[in-house]
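A short write-up of the structure that comes next.
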Amino acid sequence: MSSLGAEKSEEIKGENFLQERVKKLRALLARSEKPQGLLVRYRPNYFYLSGFSGSTGGLLITQTQAWLLVDFRYWEQAEMEATNCKVCRLNSSFWSTVAELARDEGLESLGFEAEHLSYDDYLNLKNALGTTEPVAVKGLVEELRQVKNEQELALMQRAAEIADEAFRSLIPLIKPGTVELDLALELEYLMRRAGAEGVPFPLIVASGPRSALPHGVATTRKLRDGDLVVFDFGALYKGYCSDMTRTVIINKAEGWQREIYFKVLRAQTKVLAELREGLHAAEADRFARDSLQSAGYGPYFGHGLGHGIGIEPHEGPVLSPRSKALLRQGMVFTVEPGVYLPGRGGVRIEDMVILREHGPEILTKLIKKLLIL
Ligand code: ZN
Ligand code: ZN
């Protein structure tokens, strides 16, 4: 097959999975207590359902139609990307156009994304709709997004590879005197050179006592001998994210640093050995928490074990003690236990995994042996 032919068949496949997603959403909406249509304004959600990557738009899904409403800036882009939708070129107000389409479709109720619509826009919607009732809907598209298809998994695998490769190239630069911010910048540059379109979150480079800050974004601090340095980073590739953490030590490791490194690694290894279809996310969290608790570090692991990842760096399922989620095949999530000793330093090790039929497939392949640089 010619390369052009291969591209074409990719396109057709693309259209199919977008249609498949809309079909699944319609099935959820068809349940009796749900509204007759859904207005999707949250970018990650309309990108998932339509392929439209612009930053502003609105998708109106009913049982028979999928309208993508965009303003002048996106008219052409929407036609190219959202091949499964009818593109509605906005000439007048967004809200009055939504109301008009809802009336034409005879909708008695229209759902909106309760977590994402501002109160102001809720009033705009309510006022425009007239007799059609606006109904708050929570997490419907987010639910669908949790289980990835093979095309999404391939993109996430590439996003993880890009981050792996970039970190390997960064290693020679990790030495005393280097500034955290310069390392973060270099890491981002390396990922973008390798094909990333950006980073999904501000990169964390936290050295010395700062490594005890679970979210220590890079600062002007210079690395010193004996520092623990936490790197938490990821790449954005064709709309999908990767996320991983490695902790290294500069020049010489003290006993307590080795100790927490291996306790965190052991906790992570335990979880990875237990992951399987049908496991409660809270139970996965408990494997890590029990392991660190028995090592005496329970109080120093204060965050959840991990999170789902995909179009957003943090999405469902949540892996924490309070999570109600059940782990299912095709979910992609992180496993990231950590120990943080205030004023001294911390260690976190984070991998991104796909849950497959027979267990987890680790996407982030950088070694986890303690690196003393
Ligand atoms: Zn991370
Ligand atoms: Zn993470």
Side-chain angles (χ1 to χ4, degrees), residues 44 142 145-146 148 155-168 170 180 183-184 187-188 190-191 196 198-207 210-219 228-237 240-248 261 264-265 267-269 271-272 275 281-282 284-285 287-289 292 301-323 325 327 331-340 345-355 360-368 371:
E142 284 84 347
R145 281 171 44 201
Q146 290 190 16
K148 273 72 180 172
L155 296 179
M156 297 184 74
Q157 187 150 27
R158 183 64 198 136
E161 278 167 11
I162 289 172
D164 277 0
E165 288 162 16
F167 191 78
R168 274 188 211 107
L170 187 76
E180 288 175 356
L183 288 170
L187 192 51
E188 180 169 345
L190 288 164
M191 290 192 289
V199 288
F201 50 85
L203 302 187
I204 290 173
V205 180
S207 63
R210 296 192 69 255
S211 59
L213 308 174
H215 268 189
V217 292
T219 67
L228 282 161
V229 192
V230 174
F231 292 87
D232 188 341
F233 58 104
L236 188 63
Y237 180 71
Y240 282 80
C241 305
S242 71
D243 181 12
M244 74 181 308
T245 306
R246 288 295 182 268
T247 303
V248 303
Y261 191 91
V264 170
L265 184 56
Q268 203 220 24
T269 309
V271 176
L272 293 174
L275 286 178
D285 179 283
F287 288 121
R289 215 160 292 280
L292 289 170
F301 173 35
H303 57 72
L305 173 69
H307 52 86
I309 177 168
I311 296 169
E312 291 178 279
H314 289 114
E315 52 180 62
V318 174
L319 287 82
S320 77
R322 291 168 301 285
S323 178
L327 299 178
M331 284 180 164
V332 180
F333 50 86
T334 66
V335 178
E336 49 179 308
V339 163
Y340 312 90
V347 169
R348 177 168 64 259
I349 301 172
E350 172 180 27
D351 281 315
M352 190 168 112
V353 308
I354 304 175
L355 192 57
E361 175 188 338
I362 300 176
L363 290 178
T364 42
K365 306 219 188 300
L366 278 177
I367 54 162
K368 289 183 274 189
L371 287 179

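All residue numbers in this chain count up from 1 along the given sequence. Order of appearance sets the numbers: ligands from 1, and atoms from 1 within every ligand.
Looking only at distances, no side-chain donor or acceptor of T247 sits under 3.5 Å from a matching main-chain atom of V347. In this structure, the side chain of S207 does not engage the main chain of V229 through any donor-acceptor pair within 3.5 Å. Formation of a donor-acceptor pair under 3.5 Å by the S323 side chain with backbone atoms of V318 is found in this model. For the pair Q146 (side chain) and M331 (backbone), a donor-acceptor distance under 3.5 Å is absent.
For D232, the N, O or S atom with the smallest separation from the Zn ion (ligand 1) is OD1. The nearest N/O/S atom of E336 to the Zn ion (ligand 2) is OE2. The Zn ion (ligand 1) is closest to atom OD1 of D243 (considering only N, O or S atoms).
Residue E350: an N/O/S atom is found under 2.8 Å from the Zn ion (ligand 1). Not a single N, O or S atom of H314, from either the backbone or the side chain, sits less than 2.8 Å from the Zn ion (ligand 2).
Taking each heavy atom of K148 and E315 in turn, the nearest pair found is NZ-OE2, 2.7 Å.
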